[in-house]
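Below is one structure, written out as structure tokens; the observations come after it.
Letters A, B, ... are given to chains in the order of the sequence lines, protein chains preceding strands, and every chain is numbered from 1. If you're wondering where the values come from, they're calculated on a predicted model, not measured in any experiment.
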Amino acid sequence: MNSMPSVARSQLLAIYERLHSFLGPSDWWPGETSLEVIVGAILTQNTSWRNVEQALARLKEEGALSVERLTRMGEEQLAEWIRPAGYYRIKARRLKNFFRFLQEDYHGQIGALGEQPLEKVRDQLLGIRGVGPETADSILLYALGKPTFVVDTYTHRIFSRHLLVPEESDYEGLRSFFMEALPGEVPLFNEFHALIVRTGKTYCKKKAPLCGDCPLRDLEPA
DNA sequence: CACCAGGCAAGTA
DNA sequence: TACTTGCATGGT
């Protein structure tokens, strides 16, 4: 079995509480449709959310933010409209891949997709070219309301720097670590990931070796 | 100017 | 299997 620091397991909820009290509630992806969350999840791959917002705004202006339109629209035109999000050609392809899957397996019904078991949908999403584990889990959690934990580069950076997980942990290892240590509640997974991203952006930048005024600074090794 | 952003897949050895 | 490279715009 995969061993992990026992300290970390017992302290995970405490870390969550700490981040939450420091940063306050995140209210992530709150008033949007599940469709917009799905499109945003693909567009934000290795890309700032600011850029994604421009692309989403363009799609809305064009009246193209519907399953029907996105399923039928030409890939070239889609690419042009999402251009501000970067990697626009490959992302247009990935979006079309998703909507082809949705049409063929669920008649274009996001609701029908959401009725299926978490692991089944996760496997199906991972089978789509251009949907990796983080995108799949983001769709599951934030669009479909399924209790899966979303891991990203910040998760690895923050928790490995604090020696709470091994540096060499991969995506599935990190996801298991959180899901086995925490109660499987959607609101908790939702808010915890949001807090991790916000902490990473503000206090745990790529090149910064120390935490500065990071809320977790006293977890630093001596 | 360099560097980074809520990844992923394809290519190489 | 384990690295490396391509994809691209926009903000700091």
Side-chain angles (χ1 to χ4, degrees), chain A residues 16 19-20 23 25-30 32 34-59 61 75-101 122-144 146 148-161 165-175 178 186 188-209 212 214:
Chain A
Y16 168 83
L19 294 178
H20 190 79
L23 300 174
S26 305
D27 198 29
W28 252 26
W29 278 331
E32 306 173 3
S34 55
L35 172 64
E36 186 171 349
V37 173
I38 290 167
V39 173
I42 291 172
L43 290 181
T44 200
Q45 292 170 356
N46 199 42
T47 298
S48 65
W49 186 252
R50 178 185 297 273
N51 287 20
V52 173
E53 285 179 317
Q54 298 183 50
L56 287 173
R58 179 64 185 273
L59 290 177
E61 285 171 19
E75 192 173 310
E76 296 244 303
Q77 186 170 29
L78 179 56
E80 189 56 37
W81 288 344
I82 66 172
R83 192 166 175 155
Y87 305 136
Y88 58 93
R89 281 184 284 253
I90 189 66
K91 283 175 180 173
R93 172 70 54 92
R94 290 172 178 182
L95 286 167
K96 295 301 292 182
N97 290 345
F98 173 84
F99 287 103
R100 187 180 318 113
F101 154 75
R122 190 171 196 267
D123 288 343
Q124 288 182 325
L125 291 174
L126 291 176
I128 300 171
R129 189 65 61 90
V131 176
E134 184 184 342
T135 305
D137 285 324
S138 295
I139 290 171
L140 286 162
L141 180 65
Y142 290 102
L144 304 181
K146 302 286 187 184
T148 187
F149 199 89
V150 181
V151 173
D152 67 353
T153 54
Y154 293 124
T155 313
H156 178 268
R157 188 187 304 163
I158 293 169
F159 282 81
S160 62
R161 276 187 188 179
V165 300
E167 160 67 27
E168 62 272 18
S169 303
D170 62 7
Y171 187 98
E172 297 299 333
L174 284 163
R175 176 174 180 259
F178 283 90
V186 169
L188 174 64
F189 288 167
N190 181 324
E191 182 63 16
F192 206 164
H193 177 248
L195 289 168
I196 288 169
V197 173
R198 292 168 65 205
T199 301
K201 285 182 175 183
T202 309
Y203 302 105
C204 200
K205 296 176 183 299
K206 199 168 191 175
K207 303 201 73 172
C214 167

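Checking the phosphate oxygens (OP1, OP2) of C:dT9, a side-chain nitrogen or oxygen of A:R83 falls inside 4.0 Å. A:T153 has a side-chain polar atom (N or O) that falls below the 4.0 Å cut-off from OP1 or OP2 of B:dG7. For the OP1/OP2 pair of B:dC8 and a distance below 4.0 Å, the side-chain nitrogens and oxygens of A:T135 include at least one atom meeting the criterion. The side chain of A:Y171 places no N or O atom within less than 4.0 Å of a non-bridging phosphate oxygen (OP1 or OP2) of B:dG7.
Minimum atom distance to the side chain of A:R89 is reached by C:dA8, of the listed C:dA8, B:dA9, C:dG11. Minimum atom distance to the side chain of A:I90 is reached by C:dC7, of the listed B:dC8, C:dC7, C:dG10. Minimum atom distance to the side chain of A:N51 is reached by C:dT9, of the listed C:dT9, B:dC8, C:dG11. Among C:dT9, C:dG10, B:dA9, the nucleotide with an atom closest to any side-chain atom of A:Y88 is C:dT9. Which of B:dA5, C:dG10, B:dC8 sits closest to the side chain of A:Q45 comes down to B:dC8.
Nucleic acid contact for A:K201: base, since at least one base atom lies under 4.0 Å from a heavy atom of the residue. As judged by a 4.0 angstrom heavy-atom cut-off over every strand, A:I128 is placed among residues touching the sugar-phosphate backbone only. If you check every strand for non-hydrogen atoms under 4.0 Å, A:R157 touches sugar and phosphate atoms only. Nucleic acid contact for A:V150: none, since no nucleic acid atom lies under 4.0 Å from a heavy atom of the residue.
We find that CH2 of A:W49 is positioned 14 Å from C1' of B:dG7, with the value rounded to whole Å. Summarising the geometry, the separation between CH2 on A:W81 and P on C:dT9 is reported as 19 Å, rounded to the nearest angstrom. Spacing between atom CD1 of A:I139 and atom C1' of B:dC8 amounts to 13 Å, rounded to whole angstrom units. One atom, CD of A:E134, and another, P of B:dA5, lie 12 Å apart when rounded to the nearest Å. Taking atom OH on A:Y87 and atom P on C:dT9, their separation rounds to 11 Å, with Å as the unit. Here the P atom of nucleotide B:dC8 and the CZ atom of A:F98 are 14 Å apart, to the nearest Å. Distance, A:D170 CG to C:dA2 P: 11 Å, rounded to whole Å. Remark: P of B:dA9 and CG of A:N46 are 13 Å apart, rounded to the nearest angstrom.
Between A:R94 and A:S48, it is A:R94 whose nearest contact on DNA chain C lies nearer the 5' terminus. Nucleotides of DNA chain C nearest to A:T47 and A:R50 differ in position, and the one nearer the 5' end is that of A:T47.
B:dA9 and C:dG10 are spaced 25 Å apart, taking the P atom of each and rounding to whole Å. A distance of about 16 Å separates the P atoms of C:dT5 and B:dC3, rounded to the whole Å. Rounded to whole Å, the P atom of B:dC8 lies 24 Å from the corresponding atom of C:dG11.
Annotation: A:R198, atom CZ; neighbour count of heavy atoms from other residues, nucleotides and ligands within 6.0 Å is above 12.
With contacts defined as side-chain heavy-atom distances shorter than 4.5 Å, the pair A:R161/A:C204 qualifies.
Atom OH of residue A:Y154 and atom NZ of residue A:K205 lie 7.0 Å apart, to the nearest 0.5 angstrom.
The aromatic rings of A:H193 and A:Y142 lie tilted to each other, with the angle between the two planes from 30° to 60°.
For the pair A:Q45 and A:K91, the tightest heavy-atom approach, listed with the atom from each and the gap, is O-NZ, 3.5 Å.
For the residue pair A:N97/A:R94, the side-chain donor-acceptor check at 3.5 Å is not satisfied.
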